[in-house]
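Please read the structure below before turning to the comments.
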Amino acid sequence: MARILITSALPYINGIKHLGNLVGSQLPADLYARYARARGHEVMFICATDEHGTPAEIAAAKAGQNVAEYCAELHQVQADLARGFGLSFNHFGRSSSARNRALTQHFAARLGAAGLIEEVSEKQVYSPTDGRFLPDRYIEGTCPNCGYERARGDQCEECTKQLDPTDLIDPRSAISGATDLEVRETRHLYLRQSKLRDTLDQWVDSQKGWPVLTTSIAKKWLHDGDGLQDRGITRDLDWGVPAQFEGAPWQGMEGKVFYVWFDAPIEYIAATAEWADAHGKDEAAWRRWWRTDEGAGDVRYVQFMGKDNVPFHTLSFPATLIGSGEPWKMVDYIKSFNYLNYDGGQFSTSLGRGVFMDQALGILPGDYWRWWLLSHAPENSDAEFTWENFQASVNKDLADVLGNLVSRVTKFCRSKFGEVVPEGGSFGAREDQLIADFRTRLQAYERHMEAMEIRKSAAELRALWVLGNEYLQDAAPWSAFKTDPDMAAAQIRLSLNLIRFYAVLSQPFIPEASARMMAALNCDDWSWPEDPATALGTLPAGHAFEVPDVLFAKITDDQRAAWAAQFSGTG
RNA sequence: GGGCCUGUAGCUCAAUUGGUUAGAGCAGAGCGCUCAUAACGCUUUGGUUGGGGGUUCGAGUCCCUCCGGGCCUACCA
């Protein structure tokens, strides 16, 4: 038994996330957390909403709410959706928590004391109309390169040229359209991560078996151009962790807050503290996960994220932890994902293109989505969601291979033996072969799950389901029943146990369906089948069960067509 | 511009890291079964591994080049 700390990249508070966001971090993290728990490990699975930053302030203003109210509301919405998808966080925190404020300021003070924070005076665009400094991308204007009129201050989307906001012709605020923009001098704190470049480089080198995607992005940032750049970690905003606080090693930072990408990863730690608070536990309870000098020495820490988050997790956050000079637990493995596209293009919030978490749950239960998303996780390259593919996978894998197996076994038993595990008969060569096959495939499944090879795990799980259908076809208890009812009884006894076996194995992928399978069997023995032969004897003869409702309904062609039209974003 | 990833059967993906005849699932074809959500099982068609060149006893895998798709490039988070 090991102790495993798992974090999923924090979903931003600004609105409901789409399926691409879900499959890029929270869902695979949940799969791994569920599997680790099923294997008896002690797991701390942490996620939270990332609530600070300009987009949150603007979204709140648009909604006519103050930021705190807006965030509280959206946090609840996201928490409810997470529950709908069966995400089994030990805690789903908020980066705006008091815990995070204290920890963020703690790290900032430590970094300051270590000489790793520098005050830099720079020029930023200020909008009097909006009453705020504008991040580059919130300034629009005409591109000096190609003449595109809606170029953004960071880059022109038309000609892809990188821009500085002051390059724009006729610049205006993307928020209000105001043109009375001015350039103001402002002072900010910079994290001098360039001083830690060699340390970070060696640390990345010392990691074994990280996905190429993870290391290549880290290496790029470490070695591109002049190497790792220092990074501003404060912003001129109201909403966030105040950069000026008691004990701060600097002055004059009133009215400024830490940049989200400084405080968001720290929330991983803070959320664990929030977990302790929520469960009436003491400080030691969360520190044993995070401080190697207070019990975290034997913790294995795994992070899940989309590729866009890799630089922050391979460089900025480690720089924060190392720079603090304190023995904080560093990540052991970073599992990163490519993007999920929607039917030939990108998911688009503004165009209403693609399926968002709330809409998905409105159509079908979470397990349907979990199965498709996980079995098609964008591990090696970007993946694509199409309704045809979704329909085919759900109908074939879930309804036909697994769901129908449960139906045929339970219904056959009910009609011939009643809703009780039948007694009599004994196992022979056929059953021995099945168990031998299970041993082989189960090992492969476990190996892939431990390696976080998600698609391969899904394929292996499906192969395990198929073995059940093959066995049943071969054993043909409906024939055996006519000549040798005892043999049929033994076959069905094994088959009913097969359902429990599958419920346990499938639980990380489709927890809700697994729970229904177990409920139908009147069983709550979720112990992992260390040995298939033993596991297939869990339900004894005479044990009562019920025939469950259809486990997975099929998606009809009409439904598929209607949904494809509904989410195309053209209407 | 620079960097990285990627291109394998009609579709979605594998291929033990250079090693026999490139494998699965879906779709297609044929057969079987009748317990089951018209489900399941068996058999089977289908590939000049994007094109070209090279290294090697041997290349899907390594090198060069061309073509296509995608991502990142530090102030979106």
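Hydrogens, waters and symmetry mates are skipped; everything else that's a heavy atom, side chains included, is used. Labels below follow one simple rule: chain letters A, B, ... track the order of the sequence lines, proteins then strands, and each chain is numbered from 1.
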(Q) Taking B:G51 as the reference, what is the distance to B:G60 when you measure between their P atoms (whole Å, please)? (A) 11 Å
Q: Could you check which residues of residues 303-316 of chain A get a heavy atom under 4.0 Å from RNA chain B? Sort them by number, please.
A: A:K307, A:D308, A:F312
Q.
Suppose you measure atom C1' in B:G23 against the same atom in B:U49; what distance do you get, rounded to whole Å?
A. 12 Å
Q | Contacts of type side-chain contact (heavy atoms from CB on, under 4.5 Å), residue A:N469, not counting sequence neighbours | A | A:V401, A:L405, A:R408
Q) Can you pull the salt bridge (Lys or Arg N to Asp or Glu O under 4.0 Å) pairs that have at least one residue in residues 469-485 of chain A, sequence neighbours excluded? A) A:R430-A:D474
Q. B:C13 phosphate, OP1 or OP2: any side-chain N/O from A:R455 under 4.0 angstrom?
A. yes
Q. Counting only heavy atoms not in A:M487, do more than 12 sit closer than 6.0 Å to its CE atom?
A. no
Q. Rounding to the closest angstrom, what is the interatomic distance between B:U21 and B:G25 at atom P?
A. 23 Å
Q | Whichever of A:N338 and A:D474 has its nearest RNA chain B nucleotide further upstream toward 5' | A | A:N338
**Q.** Geometric class of the A:F501/A:F438 ring pair [parallel <30°, tilted 30-60°, perpendicular >60°]
**A.** tilted
Q) Do A:S506 and A:W465 have a side chain donor and acceptor closer than 3.5 Å? A) yes
Q) Using the ring of each side chain (for Trp, its six-membered ring), is A:H313 parallel, tilted or perpendicular to A:Y268, with breaks at 30° and 60°? A) tilted
Contact list (N/O, under 3.5 angstrom) for nucleotides 24-27 of chain B vs protein:
{"from": "B:G25", "atom 1": "O3'", "to": "A:R462", "atom 2": "NH2", "distance (Å)": "2.8"}
{"from": "B:C26", "atom 1": "OP1", "to": "A:R462", "atom 2": "NH2", "distance (Å)": "3.3"}

Q: Answer yes if the side chains of A:N389 and A:W372 hold a donor-acceptor pair under 3.5 Å, and no otherwise.
A: yes
Q. Below 3.5 Å, does any donor atom in the side chain of A:E122 face an acceptor in the base of B:C75, or the other way round?
A. yes
Q: Would you mind reading off the distance between A:L405 atom CG and B:G41 atom P, rounded to a whole angstrom?
A: 10 Å
(Q) Is the terminal nitrogen or CZ of A:K554 (NZ for Lys, CZ for Arg) located under 6.0 angstrom from the six-membered ring centre of A:F552 and within 45° of that ring's axis? (A) no
Q | N/O (side chain, A:Y259) to phosphate O (OP1/OP2, B:A77) under 4.0 Å | A | yes
Q) Nearest-Å distance, CZ (A:F385) to P (B:C13)? A) 14 Å
Q.
Tell me every residue that passes salt bridge (Lys or Arg N to Asp or Glu O under 4.0 Å) with A:E453, counting only those two or more places apart in sequence or in another chain.
A. none
Q: May I have the distance from A:W372 (atom CH2) to B:C11 (atom P), rounded to whole angstrom?
A: 16 Å
Q.
Restricting to salt bridge (Lys or Arg N to Asp or Glu O under 4.0 Å), what partner residues turn up for A:R172, sequence neighbours left out?
A. A:E140
Q) Does B:U17 sit syn or anti, given that only angles within 90° of 0 count as syn? A) syn
**Q.** Nucleotide nearest A:E470 when distance is taken to its side chain, options B:G41, B:A14, B:A74
**A.** B:G41
Q | Nucleotide nearest A:N469 when distance is taken to its side chain, options B:U37, B:C75, B:C40 | A | B:C40
Q. Has A:Y339 got a side-chain N or O lying under 4.0 Å from the OP1 or OP2 atom of B:C72?
A. yes
Q. Side chains of A:Y342 and A:W387: donor-acceptor distance under 3.5 Å anywhere?
A. yes
Between the protein and nucleotides 29-32 of chain B, which nitrogen or oxygen pairs come in under 3.5 angstrom?
{"from": "B:G32", "atom 1": "N2", "to": "A:Q473", "atom 2": "NE2", "distance (Å)": "3.0"}

Q) Are side-chain heavy atoms of A:L315 and A:V310 found at a separation under 4.5 Å? A) no
Q) Can a cation-pi geometry be assigned to A:K307 and A:Y339, taking NZ or CZ under 6.0 Å from the six-membered ring centre and within 45° of the ring axis? A) yes
Q) Between B:C75, B:U37, B:C13, which one does the side chain of A:D400 approach most closely? A) B:U37
Q: Decide if the gap between the ring center of A:F385 and the ring center of A:H376 is smaller than 6.0 angstrom.
A: no
Q: Any salt bridge (Lys or Arg N to Asp or Glu O under 4.0 Å) involving residues 47-63 of chain A? Give me the pairs, sequence neighbours left out, ordered by first then second residue.
A: A:E51-A:R94, A:E57-A:R132
Q.
The side chain of A:N389 is closest to which nucleotide in this list: B:A74, B:U12, B:U37?
A. B:U12
Q) A:V260 has a side chain; which of B:A77, B:G41, B:A39 sits nearest to it? A) B:A77
What pairs of nitrogen or oxygen atoms, one from the protein and one from nucleotides 60-63 of chain B, lie under 3.5 Å apart?
none

Q. Pairing of RNA chain B as dot-bracket, 5' to 3': ( ) intra-strand, [ ] crossing, | other strand, . unpaired, with Watson-Crick or G-U pairs under 3.5 Å?
A. (((((((..((((.....[...)))).(((((.......))))).....(((((..]....))))))))))))....
(Q) Say we look at B:A9 and B:U45: how far apart would their C1' atoms be, to the nearest angstrom? (A) 11 Å
Q) Checking ring-ring contact (aromatic ring centres under 6.0 Å, His included) for the pair A:F481/A:F417: CA distance, chi angles, key distance, verdict? A) CA-CA 10 Å; A:F481 185 77; A:F417 302 102; 5.4 Å; yes
Q | Selected nucleotide, minimal atom distance to A:D136 side chain, candidates B:C75, B:A14, B:C40 | A | B:C75
Q: Please state the P separation for the pair B:A59 and B:C42 - nearest whole angstrom.
A: 35 Å
**Q.** Whole-angstrom distance between B:U73 and B:C62, as gauged at atom C1'
**A.** 28 Å
Q: Output the residues of residues 408-415 of chain A in contact with RNA chain B, where contact means a heavy atom of the residue under 4.0 Å from an atom of the strand; sort by number or write none.
A: A:R408, A:K411, A:F412
**Q.** Qualifying residues under side-chain contact (heavy atoms from CB on, under 4.5 Å), relative to A:A476, sequence neighbours excluded
**A.** A:W478, A:S479
Q.
Suppose we call a contact any N or O donor and acceptor under 3.5 Å apart; does that hold for the side chain of A:E388 and the base of B:C11?
A. no
Q. With no hydrogens and no angle check, do the side chains of A:S176 and A:D130 hold a donor and an acceptor under 3.5 Å apart?
A. yes
Q: For this output row, return yes or no: ring centroids of A:F317 and A:F312 closer than 6.0 angstrom.
A: no
Q. What is the distance from atom CD1 of A:I266 to atom OG1 of A:T104, rounded to the nearest 0.5 Å?
A. 4.0 Å
Q) For atom P, what is the distance between B:G41 and B:A24, given to the nearest Å? A) 15 Å
Q.
Nearest to the side chain of A:W221, heavy atoms from C-beta on, is which of B:C33, B:U73, B:C13?
A. B:U73
Q | Whether A:R441 side chain and A:L464 backbone form a donor-acceptor pair below 3.5 Å | A | no
